[in-house]
Number of protein chains: 2
Amino acid sequence: MAFHIRDMTGEEIAVFADVIHDLARIPQDVDPREATSERILRLLRGDTLASYVWEPAKGRYYNPVSVNHDESNVAQYVASLQFSDPLTHRMRRLQGAQIVESSFPMNELEKTEFYTDFLQPDGMYHGLNIFLPSKSGKVFDLRVWRNRHHEPFCQREIDLLDTLAAHIGRSLQAGDEGLAILTPREREIGRLIARGCTDKEISDILGIGFSTVRTHVNRCFEKLDCSNRAELSARFSATLLG
Amino acid sequence: MAFHIRDMTGEEIAVFADVIHDLARIPQDVDPREATSERILRLLRGDTLASYVWEPAKGRYYNPVSVNHDESNVAQYVASLQFSDPLTHRMRRLQGAQIVESSFPMNELEKTEFYTDFLQPDGMYHGLNIFLPSKSGKVFDLRVWRNRHHEPFCQREIDLLDTLAAHIGRSLQAGDEGLAILTPREREIGRLIARGCTDKEISDILGIGFSTVRTHVNRCFEKLDCSNRAELSARFSATLLG
DNA sequence: CCCGGCATCCCCATTTTTGTCGATACCGCC
DNA sequence: GGCGGTATCGACAAAAATGGGGATGCCGGG
């Protein structure tokens, strides 16, 4: 029985590589967490996963993505439970992936209402968290859990999560700095430009007036600081294909 | 001593992820092998690495990339030794990463001239090869070696190389189908278009006539079947930024 | 030695893009 | 109810790109 918790099977290596590959090429209008969270959970051999984004302006978490969690639980966390969560306060400023038990002993955690009301019902026992601050002030996080019948997380998962989170962070960062400032309509038009459509064609495709297209295109130029559609096209297609 | 050869250190996981990330975003005019071979060798814990591309039309290997090899040895391999190489004949049609010793017992190999003249002097003893056919008929390969004082390769490296090679293959494939049909000058102009330069600007930057730029641009359109520069820009920037 | 590919240059007519002014209407928020 | 953001439309002139010709010189392979 030479089983060593840190090893990765050939299949896991391949899945890991695919996740990193996808993160590198994901379109900016897709949430990288949506596209990868199931596979990340599998790689970390966890039971449930949740991810939130801390919005500094509002002082709260929002934009949840979860796997194997009860949806209403996640909704409730965003709505109210986040304000009585004793974990994130303590862990948010730590660097890198952290095992919950290391910062918050289980015997202490089990006594809290947060545990009995929220964690326990959804089978969250052994926890592994990472909080990743981005330039914009937002903090992106990933929270992975195993139920109490499973082994606690160990170094293999810490290393994996550190790496995965860094790449998700890069991907989110790109979204932050990139096309997010455009309105949905503007992104739609940007995508068509990247496909080589002329303004006339775009107005036909979208069923709107030529002038409208012109307005949107000009606004794209302003917002993205592009001087012509070739440059705009580059900005879009850098993350469009894949 | 619970050392298990299949594990990856946290640093290796991070390097591996970076390699995959880079392969996903590498410009099409950069050889993905050049950009990653050192790191791949380190991940596989090998001593030397060489890579060639089999050109079916000419019936020979060309375009070598190597790490820690004597350059003249590699040149000689491409020039002549490849035709007396007893290994690749036997291994080229095998699927996936293969340990040389498994197909070609060492006691047999050590008797050959190829070993004494070529492999031995450069310290190639334990070998791990992969041959990856591409749609165009070309076969891309990676050949990693450890010297005789080191452990033979095992499953960890097979899994890793399988995955790495698949991603390099993807990257090369993209190059094959993409910008490779353009001349160097045409690619240069395509890149500038993707950065948003007008034809006038391009002619100034490159110090050539406006008309010349026009000719190159038109040829790009023809070859890549693009109807305007926005589309061309998309083709270039899909792999340009990183 | 000739041919093909490459890089360089020129002209002309037409289409598309770009810049810069407008304007109206809807919707959510304070 | 006003205000900001979004989506929608219009007009005009300048700048750039596009499509179609044709032309030269260089170089390497058959």
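Atoms considered below: every heavy atom in the structure, side chains included; atoms not considered: hydrogens, waters and symmetry mates. All chains are named by letter (A, B, ...) in the order of the sequence lines, taking the proteins before the strands, and each is independently numbered beginning at 1.
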*Base, sugar-phosphate, or nothing for B:Phe210, non-hydrogen atoms under 4.0 angstrom?*
nothing
*Does a side-chain N or O from B:Arg229 land closer than 4.0 Å to OP1 or OP2 of D:dA17, or not?*
yes
*asked:* Distance check needed: D:dT8 C1' versus A:Ile189 CD1, whole Å only.
replied: 10 Å
*Okay, side chain of A:Asn68, backbone of A:Asp47: is any donor-acceptor separation there less than 3.5 Å?*
yes
*Among D:dA7, C:dT8, D:dA17, which nucleotide sits nearest the side chain of B:Ile208?*
C:dT8
*With a 4.0 Å cut-off on heavy atoms, is B:Thr198 in touch with a base, just the backbone sugar-phosphate, or nothing at all?*
sugar-phosphate
*Rounded distance (Å) that lies between atom P of D:dT18 and atom CD1 of B:Ile202*: 10 Å
*Spacing of B:Asn218 atom CG relative to D:dA17 atom P, expressed in whole Å*: 12 Å
*Measure from the side-chain heavy atoms of B:Arg214 and tell me the nearest of D:dA17, C:dC9, C:dA7.*
D:dA17
_Is there a side-chain contact between A:Thr212 and the phosphate of D:dA7, meaning an N or O under 4.0 Å from OP1 or OP2?_
no
*Which listed nucleotide (D:dA7, C:dT17, D:dG19) is nearest to the side chain of B:Phe221?*
D:dG19
_Gap between atoms CG and P, on B:Asp204 and D:dA16 respectively (whole Å)_ = 11 Å
_side-chain N/O B:Thr183 vs C:dA7 OP1/OP2, d < 4.0 Å_ = yes
*Rounded to the nearest Å, what distance is computed from the CD atom of residue A:Glu222 to the C1' atom of nucleotide C:dT18?*
12 Å
*Out of C:dC6, D:dT18, D:dA7, which has the shortest distance to the side chain of B:Val217?*
D:dT18
*Which heavy atom of A:Asn63 sits nearest a heavy atom of A:Arg33, and at what distance?*
O-NH2, 3.0 Å
*Find the distance A:Glu231:CD to C:dT17:P and express it as a whole number of Å.*
16 Å
*asked:* So which atom in B:Ile20 and which in A:Ala17 form the shortest heavy-atom distance, rounded to 0.1 Å?
replied: CG2-O, 3.2 Å
*If you pin B:Gly207 and A:Ser227 to their nearest nucleotides in DNA chain C, which one's is more 5'?*
B:Gly207
*Parallel, tilted or perpendicular for B:Phe131 and B:Tyr61, by the 30°/60° rule?*
tilted
*asked:* Would you say the ring centers of A:Tyr52 and A:Phe140 fall short of 6.0 Å from each other?
replied: no
*Distance-only donor-acceptor test, B:Thr215 side-chain atoms vs C:dC9 base atoms, 3.5 Å*: yes
*Once you round it to whole Å, what is the distance between P of D:dA17 and CG of B:Asp199?*
4 Å
_Atom pair distance, as rounded to whole Å: CZ in B:Arg219 and P in D:dG22_ = 14 Å
